[in-house]
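As structure tokens, the structure follows; a few thoughts come after it.
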Amino acid sequence: MLDGEALLELYQRGRAGDALTRLAALAQAAGAADATLPLGEIDRRIWALRAGWLGEVGGNAGAEAVCACPACGARLEFTLPPGFALPEPQSGTAEVVVDWQGRAHVLHQPRLSDIGPGGLRLQALGDGPWQDPGFVDLAAQALQQADPALGFGFAMTCPDCGATRDQLFDPGGYFWAEIEQAARRLLAEVIRLARAFGWSEAQILAMPPARRALYLAEVTP
């Protein structure tokens, strides 16, 4: 549950860090702080947290997202339908076996702990010839086939220049942008009501959103 206080606490924690810090904060809020959870499962839990939060605030789980065309820079939009959910894993294990040049390599699905300052540390996934691009490609295919939420994306075509691209979908980044907007709106409401009535932040956040809106309507902008 993300009530007003929890929303601001989450925003405060994530705002002070980088994208990995924000993802870790979202994972904890979604009950996915277990270090052994694969990234695909973390993304699913974060997205479920978003759906529950939007239901609480009366929002719509469907929304638009934007990105830029890599060829011409035009603005591309795609719509997530209401009820959109990330795909489920295809196997009941967090490990996959990659056969390469007569040897079986056991790899585990990427975890938060496998991500460093430079991105995903491939060697952390298991033993393998990671210096070989062919093995890297095969491993990536096997991991994504086992859990399609890993590297999930949308095929897009630019209406201006006709260029096509596969746009990766980042559930954590998408949700964080919404959290940031909601937190800033809430902070603005707290400031207006505190100035008008002298109430504390705790008193204002304890009000149901509908009651808070009644008072805001009586405050001169």
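Only a predicted model underlies this, so the values are computations on that prediction, with no experimental measurement involved.
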Pairs of donor and acceptor atoms involving the side chains of residues 203-217, under 3.5 Å and at least two apart or interchain, shall be tabulated with distances.
from	atom 1	to	atom 2	distance (Å)
Q203	OE1	S200	N	2.9
Q203	OE1	S200	OG	3.4
R212	NE	E189	OE1	3.1
R212	NH1	I204	O	3.4
R212	NH1	M207	O	3.2

Solution key, residues 157-165 side-chain donor-acceptor pairs under 3.5 Å, sequence neighbours excluded:
from	atom 1	to	atom 2	distance (Å)
R165	NE	Q167	OE1	3.4
R165	NH1	A68	O	2.7
R165	NH2	Q167	OE1	2.9

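With sequence neighbours excluded, the residues satisfying side-chain contact (heavy atoms from CB on, under 4.5 Å) with R195 are I191. Evaluation of the side chain to side chain donor-acceptor pair (under 3.5 Å) rule for D43 yields no partner, not counting sequence neighbours. With sequence neighbours excluded, no residue satisfies side-chain contact (heavy atoms from CB on, under 4.5 Å) with Q145.
More than 12 heavy atoms of other shown residues, nucleotides or ligands fall within 6.0 angstrom of atom CZ in R121.
The closest side-chain heavy-atom distance from R184 to Y11 is below 4.5 Å. Residues L120 and L122 have side chains in contact (heavy-atom distance under 4.5 Å, counting atoms from C-beta outward). Between L125 and P110 there is a side-chain heavy-atom pair separated by less than 4.5 Å.
Heavy atoms only, all atoms of each residue included: G172 and L26 are closest at O-CD1, 3.4 Å. Looking at every heavy atom in both residues, A194 comes nearest to W199 through CB-O, 3.5 Å.
The pair R13-E9 does not meet the salt-bridge criterion, since no charged nitrogen lies less than 4.0 angstrom from a carboxylate oxygen.
Applying the salt bridge (charged side-chain N to carboxylate O under 4.0 Å, His left out) test to every pair with at least one member in residues 20-42, sequence neighbours left out, gives these pairs: E41-R44, E41-R45.
Between F154 and F84, the ring-plane angle classifies as tilted under the 30° and 60° cut-offs.
Here the rule is ring-ring contact (aromatic ring centres under 6.0 Å, His included) with W47, and of F169, F175, F152 only F169 fits it. For the pairing with L112, the side-chain contact (heavy atoms from CB on, under 4.5 Å) check across T36, L39, L37 returns one residue only, L39.
Without hydrogens or angle criteria, Q144 side chain to G151 main chain gives a donor-acceptor distance under 3.5 Å.
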